[in-house]
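Below you'll find the structure, written out as structure tokens, and then a few comments.
Bear in mind that the values here come from a model prediction, so they are computed numbers and not experimental data. Within every chain, numbering begins at 1; the chains are lettered A, B, ... in the order of the sequence lines, protein sequences first and strands thereafter.
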2 protein chains.
Amino acid sequence: MSTGTHSEQSLTPGARRILDVASELFYWRGINAVGVDTIAAESGVTKRTLYDRFGSKDNLVAAYLNARDRRWRDTVTARLRDAPPDPVARVLVPFDALPEWLAPSTRGCGFSNAFAELPDADHPGRRIAVAEKTWLRALFRDLLTEAGAADGNDVEALATQLLSLHEGAIISYAVVNDDSAVAAARAAAKMLVTGTLPGHLADQPSSR
Amino acid sequence: MSTGTHSEQSLTPGARRILDVASELFYWRGINAVGVDTIAAESGVTKRTLYDRFGSKDNLVAAYLNARDRRWRDTVTARLRDAPPDPVARVLVPFDALPEWLAPSTRGCGFSNAFAELPDADHPGRRIAVAEKTWLRALFRDLLTEAGAADGNDVEALATQLLSLHEGAIISYAVVNDDSAVAAARAAAKMLVTGTLPGHLADQPSSR
DNA sequence: CTGTAGGTATACAGGTCTGTGAAGTCAATT
DNA sequence: AATTGACTTCACAGACCTGTATACCTACAG
């Protein structure tokens, strides 16, 4: 029992600190490079407490990715809520959220990194990483549909293209250290969207 | 001495086997998840030999990435050599090389993965990963220039966009398991290139 | 007053990690 | 005949890994 199912804010103070410290260390040093001893020590907590709260390192990794996933989705949906109604602009919202999300980081995307570190398809952490990208792709698809794209191959292909641009921008930014990567990817995304959508300005609420 | 500087084909049979095995294991299981004991055993070689040939695990990691980098660059340049002279098609060659390069893999890009696993900026392996992406971006820039793009911001931004599409396609393919990701990214790249280049068909050998 | 939850401290089991040391084998070159 | 390169076997250091066990402390709720 213990953790995993609820995963809510029902964390004890110690567990909260453990998760915060673990998140920081997992992201910056890598999941496999950080041991539970370090996490416990850095949290001001004994290893016993860590295992009482989280059960295993794998669970802690999953909790880290889950929390990160929720933060990311909340960030995007909040920006969508406050975004202007222009449908094309809304499609680009995930790109607008990126600079703040990536901050100064040279560490790239925590989910892609986790994917790289967890080859086991059954690892709960890997599943969360996959779910995050799947969610983002679905979000692009939905936003495109709202923007008046006809259902069909075009929407699917365009959603994939936007996802690729998005993920690739993070890599270009982190690996090649290209500060303009996100803005460039956003511009490319805009071009693709306006170039593919049928009503090129899509002002009227679609043809349905 | 020993390894690192020459890095050529001057490998002893044992070293060759070690490098082959290590490459396979590092790619599929992750660098930090594979120990030298496993590599030595799987190579039919003692740990002593491994250290005599490569000096350290970090060196072996660097050798792995170096070899992979060379294979990738050779693949792309060979395809460029055999490619038709159409300048736009030549820009897309790295995308055409992807399906064969990624094969059935669900493990994504070995360099991005290494980047995720090696947070230390001084690690020789990380440098190689960065160099690979930097090279690809420069290649896109050069191919765009040959395609008649005017020097300036456009070329730089477009090169970044192509790199992002390229890297993102690998992630979409590996993480989301989207088989069409590479083709979609290629189509997007084509759209961006033809939409941005001045001479929209760029048939004449540029304006210089 | 008696549990229970959330801790603490310490020790340890059983393993794996990278890396080295000492001594020796075998084949090819010089 | 001597040397060198490639390699083996075995042992070991010293650190780190995940995970558990024993025992105690404190605050609070029924």
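Rounding to whole angstrom units, CG of residue L50(B) and P of dT20(C) are separated by 12 Å.
In the model, S172(A) has no side-chain atom that pairs as donor or acceptor with a side-chain atom of T160(B) under 3.5 Å.
Each of dT8(D), dT8(C), dT18(C) was ranked by its minimum atom distance to the side chain of V45(B); first place goes to dT8(D). Which of dT20(D), dC17(D), dC7(D) sits closest to the side chain of D37(A) comes down to dC17(D). Taking the side chain of V36(B) as heavy atoms from C-beta on, and the options dT18(D), dT8(C), dT18(C), the nearest nucleotide is dT18(C).
At dG6(C), none of the side-chain N or O atoms of T49(A) fall inside 4.0 Å of OP1 or OP2 (strictly under the cut-off). Not one side-chain nitrogen or oxygen of T46(A) sits closer than 4.0 Å to the OP1 or OP2 atom of dG7(C). Neither OP1 nor OP2 of dA5(C) sits under 4.0 Å from any side-chain N or O of R53(A). Using a 4.0 Å cut-off, no side-chain N or O of S56(A) falls inside it from OP1 or OP2 of dT18(D).
Paired with F26(A) under the rule side-chain contact (heavy atoms from CB on, under 4.5 Å), one option of V61(A), V21(A), N32(A) passes, and it is V61(A).
At a cut-off of 3.5 angstrom, the base of dG7(C) holds no donor-acceptor pair with the side chain of R48(A).
Distance check: I128(B) CD1 to R68(B) CZ gives 12.5 Å after rounding to the nearest 0.5 Å.
Along DNA chain D, the nucleotide nearest to K47(B) and the one nearest to G14(B) differ in position, and the one closer to the 5' end is contacted by G14(B).
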